[in-house]
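Taking it in order: structure first as structure tokens, then the write-up.
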Amino acid sequence: MSKKTPQAIRGTQDIFGADAEAFAFVVETFERVRRLYRFRRVEMPVFEKTEVFARSLGETTDVVSKEMYSFDDRGGESLTLRPEFTAGIARAFLTNGWQQHAPLKVATHGPLFRYERPQKGRYRQFHQIDAEVIGAGEPQADVELLAIADQLLKELGIHDVTLHLNTLGDGASREAWRAALIDYFRAVKGELSEESQERLEKNPLRILDSKDPRDKPFLADAPKIDAFLSEEASAFFAAVTSGLDAAGVKWVRAESLVRGLDYYRHTAFEFIPDEGSASAAALGSQSTVLGGGRYDGLMESLGGAPTPAVGWAAGIERLAMLVGAREEEPADLIIVVEDDARVGEAIGLIGDVRRAGFTAELVASGSPRKRYDKAVKRGADVILSLRAEMGRGITTDNPEADVLGVLGAYR
RNA sequence: GCGAUCAUAGCUCAGCUGGUUAGAGCGCCGGUUUGUGGUACCGGAGGUCGUGGGUUCGAGCCCCAUUGGUCGCCCCA
């Protein structure tokens, strides 16, 4: 490595070849499925004023307090590279008068940035697909949002992940549950892991997620959200689950599934690989492939009117890992110029072929004698070789290939 | 922020307990062979062994630091 060449930034990736094809397959499939459900495409800025994230995610969250790429621009304003989509979309909903379109179903995808230690399925610049339904307070919105997620995963060929579903209740239910959890765990604080002792102050719901063996004995008897649900909240959850059943979306109840961000209410969910499955092995410790929930409280934190909303996001890199490497498609035609005098002829011909809608590649460099072999290695339906002597220069394993029609005179 | 582990050619790796000019396969470039053919052979380019210090008569190999990769904790998609 030359001293003069700068290295790529830690946690960024240069995606190429079969991996890039897998990435593109995820995005293309998402675009197709999103149209099926009539989610509207939106393009969002990659950066926002820092307060957009600070206010919506909460100053104390890990994301805001230590994972954001924030900087002052030349005018002295603090800006931040988006660490997630939802806050920016909520801001746009308020500043652009998108209320008039409510309930608004939108979808987007693109890069996000988080200053974290990279590991399997986790990067500093990563990419997500994202779907949100804004201004819809009824459980049917949750159901539709989960149905699109479920169909997307199936169309990607991912069948060994399951929807883990929970409810956090409405604001009052959630607060009562939270208080009960704090009481419960505080009583045994000394026996909890260091992490959980800290979580007790910052984010007590997260203790339920703990993998530490010291915490495990206390988890089973911890207070359950179901005991604190208001009548409305529990009716809401029942409507979501029966809607999922009607839609044919398989799910399991996950009582310890919580969200780190405070703005979540009611439905919370993650699609997680089944234990022992190929997808579980492919993802390592980053088990969640798609996650989200209802965030009825968010708009108010940004100064808007109370607005119900649900959404999810999924990591494209993680989905691409489950899809597996995909080979680039071979060309319909490769033209090999074995005689440099015929390069002009080749350029004209390949233009005709491409305008006719076929994929075509030209091999006209390197040792003329090795060009044909190079073409064979790359692979194509049809290889046309232009040599010094005239004569048949076409080889194909597929005599029915449509591209042969364009090549009439060369047969 | 914490921990583990790795870093030799474009790629995948070898390099014995530290000992002369650092190797292989693949790939790349050129040539020969074959001549409708993913063949075989010959040759070539390409490495200050991630970087910087140190120990030693001598370091790719040992020590320290640093950067980066990989994996885990935290957190999260």
Side-chain angles (χ1 to χ4, degrees), chain A residues 1-3 5-14 16-17 26 57 60-68 82-86 109-131 149 161 193-199 202-203 206-207 209-212 257-261 269-273 283-293 311-322 330 334 336 338 363 365-380 382-389 391-397:
Chain A
M1 220 20 95
S2 162
K3 271 180 185 167
T5 305
Q7 289 179 311
I9 294 170
R10 169 168 236 176
T12 63
Q13 359 166 43
D14 304 305
F16 175 75
V26 171
L57 301 179
T60 62
T61 56
D62 278 15
V63 173
V64 171
S65 63
K66 49 191 191 195
E67 294 175 0
M68 295 205 302
R82 47 141 94 139
E84 58 132 45
F85 276 118
T86 308
H109 67 83
L112 294 308
F113 305 85
R114 240 118 101 162
Y115 190 85
E116 296 183 280
R117 281 294 289 275
Q119 58 192 62
K120 194 183 189 79
R122 169 197 268 185
Y123 306 93
R124 288 186 172 182
Q125 177 179 337
F126 59 106
H127 302 79
Q128 288 185 341
I129 51 179
D130 181 275
V161 304
S193 64
E194 295 79 15
E195 286 86 7
S196 287
Q197 294 191 24
E198 209 167 302
R199 281 189 276 236
K202 280 179 61 182
N203 198 354
R206 275 277 160 206
I207 300 176
D209 255 352
S210 176
K211 299 164 200 158
D212 195 298
L257 191 158
V258 296
R259 305 273 81 187
L261 309 178
F269 54 87
E270 294 179 8
F271 282 79
I272 299 175
L283 281 178
S285 71
Q286 315 301 317
S287 54
T288 301
V289 98
L290 183 154
W312 56 249
I316 298 177
E317 288 86 352
R318 291 185 189 178
L319 290 171
M321 283 192 277
L322 302 191
I334 294 180
V336 183
E338 292 194 79
V363 177
S365 62
S367 170
R369 297 193 140 169
K370 289 180 175 164
R371 290 178 195 170
Y372 189 88
D373 285 354
K374 198 186 279 183
V376 171
K377 277 187 191 170
R378 288 195 197 172
V382 177
I383 296 173
L384 170 64
S385 171
L386 301 182
R387 291 173 298 140
E389 332 80 61
R392 288 181 61 243
I394 292 181
T395 50
T396 174
D397 297 326

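With sequence neighbours excluded, the residues that form a side chain to side chain donor-acceptor pair (under 3.5 Å) with A:Ser193 are A:Ser196, A:Asp215. With sequence neighbours excluded, no residue forms a side chain to side chain donor-acceptor pair (under 3.5 Å) with A:Glu67. Contacts of A:Lys374 classified as side chain to side chain contact (heavy atoms under 4.5 Å, CB included), with partners at least two apart in sequence or in another chain: A:Val363, A:Ser365, A:Arg378.
Between A:Lys202 and the phosphate of B:C74, there is no side-chain N or O to OP1/OP2 separation shorter than 4.0 Å. Put simply, A:Arg206 has a side-chain N or O that comes within less than 4.0 Å of OP1 or OP2 on B:C76. Distances shorter than 4.0 Å separate none of the side-chain N or O atoms of A:Lys370 from OP1 or OP2 on B:U33.
On the P atoms, B:U39 is 50 Å away from B:A77, given to the nearest whole Å. Here, B:U32 and B:G69 have their P atoms 46 Å apart, quoted to the whole Å. Comparing B:U8 with B:C76, their C1' atoms are spaced 36 Å from each other, to the whole Å. Of the C1' atoms belonging to B:G10 and B:G46, the separation is 9 Å, rounded to the nearest Å. Taking atom C1' in both B:A22 and B:C61, one finds a spacing of 12 Å when rounded to whole Å. With P as the reference atom, B:G27 and B:C74 are 45 Å apart, rounded to whole Å. With both ends at atom C1', the span from B:G60 to B:G47 equals 11 Å, rounded to whole Å. Between B:C16 and B:C57, the distance separating the two C1' atoms is 22 Å to the nearest Å.
For the pair A:Glu198 CD and B:C75 C1', the interatomic distance rounds to 12 Å; values are reported in whole Å. Remark: C1' of B:U39 and NZ of A:Lys377 are 11 Å apart, rounded to the nearest angstrom. The distance between atom CG of A:Asp373 and atom C1' of B:U39, rounded to the nearest whole Å, is 8 Å. Across the protein-nucleic acid pair, A:His127 atom NE2 and B:C76 atom C1' stand 17 Å apart, rounded to whole Å. In this structure, the CZ atom of A:Arg378 is 13 Å from the C1' atom of B:G27, given to the nearest Å. One can place CG of A:Asp209 at 9 Å from P of B:C76, the figure rounded to the nearest angstrom. Between A:Ile207 atom CD1 and B:C73 atom P the separation is 18 Å, expressed in whole Å. Rounded to an integer number of Å, the gap from A:Arg318 CZ to B:C76 P is 12 Å.
When atom types are taken as modelled, the side chain of A:Arg318 and the backbone of A:Thr288 share a donor-acceptor pair closer than 3.5 angstrom. Side-chain N or O atoms of A:Glu317 include one that pairs as donor or acceptor with a backbone N or O of A:His127 at under 3.5 Å.
Sorted by first and then second residue, the salt bridge (Lys or Arg N to Asp or Glu O under 4.0 Å) pairs involving residues 117-128 of chain A (not counting sequence neighbours) are A:Glu116-A:Arg122.
Looking at the side chain of A:Arg199, the nearest of the listed nucleotides B:C74, B:A77, B:G37 is B:C74.
Judged by distance alone with a 3.5 Å cut-off, a donor-acceptor contact links the side chain of A:Arg122 to the base of B:C75.
With rounding to the nearest 0.5 angstrom, the CD atom of A:Gln197 is 14.5 Å from the NZ atom of A:Lys202. Expressed to the nearest 0.5 Å, how far CG of A:Asn203 lies from OG1 of A:Thr61 amounts to 9.5 Å. A distance of 8.0 Å separates OG1 in A:Thr86 from CD in A:Gln128, rounded to the nearest 0.5 Å.
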Open item on the list: What does the 5'-to-3' dot-bracket notation of RNA chain B look like when only Watson-Crick and G-U wobble pairs under 3.5 Å count, and pairs to other strands show as |?
Closed with: (((((((..((((.....[...)))).(((((.......))))).....(((((..]....))))))))))))....
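In this structure, A:Glu116 reaches the bases: a heavy-atom distance under 4.0 Å links it to at least one base atom across the strands shown. When heavy atoms are screened at a 4.0 angstrom cut-off, A:Val63 is found touching no nucleic acid atom at all. No engagement by A:Arg371 is indicated, since no non-hydrogen atom pair under 4.0 Å with the nucleic acid exists.
The environment of CD in A:Gln119 is crowded: more than 12 heavy-atom neighbours from other residues, nucleotides or ligands sit within 6.0 Å.
Position along RNA chain B of the nearest nucleotide to A:Val376 versus A:Arg114 favours A:Val376 as the more 5'-ward residue.
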Open item on the list: Across nucleotides 66-72 of chain B, 5' to 3', mark each nucleotide with B, S or - according to how protein heavy atoms within less than 4.0 Å reach it.
Closed with: -SSS-SB
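Residue A:Gly292 comes nearest to A:Arg259 through the heavy atom pair N-NH1, 3.4 Å, listed as atom of the first residue, atom of the second, then distance.
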